[in-house]
Amino acid sequence: MHTASALALARTFLFVPADRPERYVRALGTGAGAVIIDLEDAVAPDKKASARALLEEGFLALPEIDRARLLVRVNAAGTPWHDEDKALAARLALAGLPGLVAPKAEDPRDLAGLAEALGPTGVLVPLIESAAGWASLDAIAAAPQVLRLAFGHLDFQADLGLACDADEVELVSVRLAIVLASRRAGLAAPVDGVTADWRDAARLESDARRARRGGFGGKLCIHPEQVAPAHRALGPSVEELAWAHRVIGAAQAARGSVISLDGRMVDLPVVKLAERLLSLDAQGQL
């Protein structure tokens with residue numbers, strides 16, 4: 001599968017610190033759809049330069065097939081480290097880096113600069129993490145080479161002074177806005193934020209299922225043990241797949257006639273929903 005196409009379908013994106021190259025292979029071995037090597041939050045300010053050097057060395061040591069599953073989260077535009085991160089990204093793109101995660105995305109001009117550094121085949125995943133980013137959603141989604149949007153909901157809460165409970169009902173409208181902007185721009189389904197407590201399996205599953213119900217197609221992960229359960233939760237359930245197979249079978253048998261299944265009319269929109277569930281399952285094999 002083409003790299004951009006695979007990243008567009010990926011359900012899980014696992015962070016790994018840029019200054020821990022020994023973890024790159026382990027992260028790739030989790031089955032995550034993509035691994036994000038992080039130069040931003042995971043690296044202390046006084047270690048940014050050494051992290052870049054370790055990233056470049058570690059990236060070049062990987063097989064080409066593994067490089068195609070890596071993204072790099074650079075430091076945000078306006079920080080002291082952004083320009084050097086961008087220069088590194090340009091070098092790594094020549095060696096097979098497919099794209100970048102852009103934190104605190106707010107200005108499409110900054111994204112255009114990252115796209116230029118990557119070259120025409122590179123892709124961007126902007127993180128919406130502030131009120132300014134939310135206000136520029138459509139412009140960010142339409143920026144050059146943007147593949148998917150992602151939601152940095154913890155930074156977003158901090159920016160707005162929110163204090164959300166576990167259900168995060170305060171963020172429903174924000175998440176919907178990100179999904180709508182993605183759809184308007186013709187992007188792949190967006191990627192939801194992390195579950196901060198990697199030991200809380202129930203919370204992880206609940207967060208991932210909420211993401212899927214809300215139109216998100218992927219989730220950011222911070223620990224290898226989150227990858228497989230998040231992947232499963234973002235896909236159709238056994239019951240949904242059984243229903244979809246029954247709908248498709250009934251529709252094929254009816255040969256175009258409107259039918260009833262379980263007391264529900266099966267028309268074209270219902271058939272399309274069933275087809276989408278089966279397609280989602282086929283695309284999401286870990």
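Just so you know, residue 1 is the first one in the sequence shown, and it goes up from there.
Remark: side-chain polar atoms of S182 are paired, donor with acceptor, to backbone N or O of I178 under 3.5 angstrom. Judged by distance alone, the side chain of S136 and the main-chain N or O of A139 form no donor-acceptor pair under 3.5 Å. With hydrogens and angles ignored, the 3.5 Å screen pairs a side-chain donor or acceptor of K219 with a backbone N or O of G193. Distance alone, capped at 3.5 Å, is enough to place a donor-acceptor pair between the Q226 side chain and the T195 backbone. Formation of a donor-acceptor pair under 3.5 Å by the E205 side chain with backbone atoms of R232 is not found in this model. Remark: side-chain polar atoms of R69 are not paired, donor with acceptor, to backbone N or O of V35 under 3.5 angstrom.
Using a 4.5 Å cut-off on side-chain heavy atoms (C-beta onward), E57 and P21 make no contact. A heavy-atom distance below 4.5 Å is found between the side chains of V179 and P190. In this structure, the side chains of L124 and L118 come closer than 4.5 Å at one or more pairs of heavy atoms. Within the 4.5 Å cutoff, the side chain of L70 has heavy atoms near those of the L62 side chain. At a threshold of 4.5 Å between non-hydrogen side-chain atoms, the residues P103 and V74 count as touching. Contact of the F15 side chain with the V194 side chain is registered, since non-hydrogen atoms from C-beta on lie closer than 4.5 Å. By the 4.5 Å heavy-atom criterion applied to side chains, S50 and D19 are not counted as neighbours. Counting heavy atoms from C-beta on, the side chains of N75 and E40 come closer than 4.5 Å.
The pair R184-D138 meets the salt-bridge criterion, since a charged nitrogen lies less than 4.0 angstrom from a carboxylate oxygen. A salt bridge does not link E84 with K48: every distance from a Lys NZ or Arg NE/NH1/NH2 to an Asp or Glu carboxylate oxygen is 4.0 Å or more. Ionic pairing of D262 and R264 is not present here: no N-O contact between side-chain nitrogen and carboxylate oxygen is shorter than 4.0 angstrom. Taking the charged nitrogens against the carboxylate oxygens, E22 and R20 do have a contact shorter than 4.0 Å, which makes a salt bridge.
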Show your working on side chain to side chain contact (heavy atoms under 4.5 Å, CB included) between V123 and V146 and close with a plain yes or no. CA-CA 6 Å; V123 299; V146 169; over 6 Å; no

Passes side chain to side chain contact (heavy atoms under 4.5 Å, CB included), L278 versus H245? Steps please. CA-CA 8 Å; L278 296 178; H245 281 295; 3.5 Å; yes

Please step through side chain to side chain contact (heavy atoms under 4.5 Å, CB included) for the pair L273 and W243, ending with a clear verdict. CA-CA 10 Å; L273 173 60; W243 173 84; 4.0 Å; yes

Begin with the C-alpha distance, continue with both residues' side-chain angles, and end with the deciding distance and a verdict on side chain to side chain contact (heavy atoms under 4.5 Å, CB included) for Q157 and L171. CA-CA 9 Å; Q157 289 178 59; L171 298 177; 3.9 Å; yes

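Nearest approach of G33 to L7, heavy atoms of both residues: O-CD2, 4.4 Å. Heavy atoms only, all atoms of each residue included: T30 and P224 are closest at CG2-CB, 3.5 Å. Between L60 and A95, the closest heavy-atom pair is CD2-CB, 3.6 Å. Summarising the geometry of E170 relative to A163, their closest heavy-atom pair is OE2-O, 4.3 Å, with the distance given to 0.1 Å. What you find for A89 and L97 is that their closest heavy atoms are O-CD2, 4.3 Å. Pairing each heavy atom of A105 with each of P126, the nearest pair is CB-CB, 3.6 Å.
From I128, atom CD1 reaches atom CD1 of I140 across 4.0 Å, with rounding to the nearest 0.5 Å. How far CG of D167 is from CG of D207: 10.5 Å, rounded to the nearest 0.5 Å. Atom CG in L92 sits 8.0 Å away from atom CD1 in I37 (nearest 0.5 Å). Taken to the nearest 0.5 Å, the CG atom of L220 stands 7.5 Å off from the CZ atom of F13. Taken to the nearest 0.5 Å, the CG atom of L137 stands 6.5 Å off from the CG atom of L149. With rounding to the nearest 0.5 Å, the separation of CG in L154 from CG in L162 is 11.5 Å.
Note: the hydrophobic cluster containing V72 also contains L111 (ILVMFWY, side chain heavy atoms under 4.5 Å, direct or indirect links). No single ILVMFWY cluster, assembled from side-chain heavy atoms under 4.5 Å apart, contains both W81 and L54. L234 and L147 are not part of a single hydrophobic cluster, where members link through side-chain heavy atoms under 4.5 Å apart. Hydrophobic clustering (ILVMFWY, side-chain heavy atoms < 4.5 Å, transitive): V270 and I259 are in one cluster. L14 and V25 sit in two unconnected hydrophobic clusters of ILVMFWY residues. Membership requires side-chain heavy atoms under 4.5 Å apart, directly or through other members.
Within 6.0 Å of the CZ atom in R183, the count of heavy atoms belonging to other residues, nucleotides or ligands does not exceed 12. In the displayed structure, R26 atom CZ is contacted under 6.0 Å by at most 12 heavy atoms of other residues, nucleotides or ligands.
Of the residues R175, R148, R11, the one that meets the salt bridge (Lys or Arg N to Asp or Glu O under 4.0 Å) test with D192 is R175. Remark: of the listed residues R52, R73, K47, R73 is the sole one forming a salt bridge (Lys or Arg N to Asp or Glu O under 4.0 Å) with D38.
Classification of the F156-F151 ring pair by plane angle, with boundaries at 30° and 60°, yields perpendicular.
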